[in-house]
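Down below is the structure, laid out as structure tokens.
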Amino acid sequence: MKKTLWTLLIGSLLALASCQKSPKLTESGLVPLPQEITDGSGTYELSTSSGIKLIGSSEKLTHLGEYLAGKLRPSTGFELPVSFDGGDITLELTGSDASESYELQVSEDGIKISSSGEAGLFYGIQTLLQLLPVEINQASVQQVDWSIPQGNIKDAPAYAYRGSMLDVARHFISVEDVKFYIDQMAQLKLNYLHLHLTDDQGWRIEIKSWPKLTEIGGSTEVGGGDGGFYTQEEYKEIVAYAAERFITIVPEVDMPGHTNAALASYAELNPGVNLPNGKLDSVNKAPLDYTMPLKNPQASELYTGIEVGWSTFAPKLELTYAFVDSVVREISDITPGPYFHIGGDESHVTEKEDYIYFVERVQDIVSKYGKTSIGWDEVATAKLLPGNVAQFWAKEENAKLAKDQGNKVLMSPAKKIYLDMQYDSTTRIGLHWAAYVELDSAYLWEPSEYAQGIAKENILGIEAPLWTETVTNREDISYLAFPRLAASAEISWTSQEKRSWEGFSKRIPVQGKRWDAQGVEFYKSPKIKW
Ligand code: TNX
């Protein structure tokens, strides 16, 4: 009798202790926050005998299983075989659509992730990785109980386009660093990476029919460094690496402004001599007539400063469109995604009517090569083709013009989401022309309420651009992008009514530990108890 009482007492004390200790699924620090989380009781533990079981038919299933195993093996040291035969972690593909939604169940005996789409399974895997102790992100074996609280998650994204942009033109970014960024994006369930491939300071993509673009135009960068460019093979490597992580590359050739690198490479594309002080000086001596090739065309000089709005292609010169045609054709050929970004921003020295004529012709070229154009919001002053997208960054009236034409808007308001904005006046790099953007400010906005007249149904998605005038290496990229990219990812993924700054500020420190484990040097915002 006495013995039984003691056993009972100790038993209930132990139960109480484990109950207090056992974490809940709803307290796991998931970023972005899933739409629905239901707590169970007890835990599941990953162990030496764990394995990954595949159900469904798709060539990519094995790849997904191996991707997950590859993430789990280094820190657990477990074998984690992947097969169609058995295993306590099940990846079940129930269809063959493009669904990004998934369900994740954690029970005592195992984990099951199911989705009708490969992308959904991939996002379920990302959630699973965040449910495990943060040590799962370490590259060497850790002595940890790999347990996960039991319960259920049902999840789906709020927006179809959840993106970020890297400006590889102002400072060139190596293939390796782009891959690093892609890996980070994938963990946040982002699905589009926009590469700003050309600007005044550099041309970063090989165009075989116009080789001087990279030979000359790719030879420098802001501050006068060596610059660089991607060969088409390297670009394809980036595209493939991104695709394996369900990220689509959106290439941008910015035009007709922001084109000095091209104008420095080919004299015959110049409407005149471009001067960085913002003036156009015709070498024909007469008023500019873009319809005729110049008699003695002069290439402009390479530029390594950070002024904007002073260069332009010649919109009335036929050669301009032959050039654009080749560039769009070659890049479209190696871009499987649906979008081609034509830039169109800050063309301050292009005559308004010329600008409109140019944008409309370039849209036709893009469409001829089977792609849909995206352009910075100024393009909405032209007549957009059906389906084309305007990327809102500065002017609400432009977003409104796009909407009134029946076109969708991609939301990138500079005051909230420009990753190159300084956090505050003491931030060591970054600009502040739009605002200082601390983490709370980056989090506290809602795309469907930001610009007047632009509602959820007018919005394709959200994109956080990282301009690189002041960014020279991976450490700089990490410092400006993280944690703000996580805020942007949550705004893109999680429905407005599920989000709160209070919730985010409790979960983001867990994400901070994941970044620490992965060697990501993020900004330790003073708004957060890290
Ligand atoms: C504006 S945003 C630009 C870029 C600059 C950026 C710096 C946009 C479409 N144009 O050319 O790099 O500001 O924040």
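Just so you know, these numbers use all the heavy atoms, side chains as well, and skip hydrogens, waters and symmetry mates. Sequential numbering from 1 along the given sequence is applied to the chain's residues. Just follow the structure's listing: the first ligand is 1, and inside any ligand the first atom is 1.
The ligand atoms of ligand 1 that sit less than 4.0 angstrom from a heavy atom of His258 are 11 (O). Atoms of ligand 1 lying under 4.0 Å from any heavy atom of Met421, numbered from 1 in the order shown and given with element: 14 (O). Listed by atom number, the atoms of ligand 1 under 4.0 Å from Leu431 heavy atoms are 7 (C), 14 (O). The ligand atoms of ligand 1 that sit less than 4.0 angstrom from a heavy atom of Asp420 are 7 (C), 14 (O). Within ligand 1, the atoms closer than 4.0 Å to a non-hydrogen atom of Trp433 are 1 (C), 7 (C), 13 (O), 14 (O), numbered from 1 in the order shown.
Between Glu233 and Glu206, every side-chain heavy-atom pair lies at or beyond the 4.5 Å cut-off.
Below 30°, between 30° and 60°, or above 60°: for Trp376 and His341 the angle between ring planes is between 30° and 60°, a tilted geometry.
Remark: aromatic rings of Tyr192 and Tyr161 are close, center separation under 6.0 Å.
For ligand 1, none of its N or O atoms has an N or O atom of Tyr418 under 3.5 Å away. Looking at ligand 1, you'll find an N or O of Asp345 within less than 3.5 Å of one of its N or O atoms.
One finds no salt bridge joining Asp377 and Lys395 here, because no Lys/Arg side-chain nitrogen approaches an Asp/Glu carboxylate oxygen to under 4.0 Å. A salt bridge does not link Glu100 with Lys189: none of the charged nitrogens is closer than 4.0 Å to a carboxylate oxygen.
With a 6.0 Å radius and a threshold of 12 heavy atoms from other residues, nucleotides or ligands, Glu457 has its CD atom above the threshold.
Within the 4.0 Å heavy-atom shell around ligand 1 one finds Arg170.
Defined by atom type and a distance below 3.5 Å, a donor-acceptor pair is missing between the side-chain atoms of Glu521 and Ser478.
The single protein non-hydrogen atom nearest to atom 5 (C) of ligand 1 is Glu469 OE2, 3.3 Å, given as residue, atom name and distance. For atom 1 (C) of ligand 1, the closest non-hydrogen atom of the protein is Glu346 OE2, 3.5 Å.
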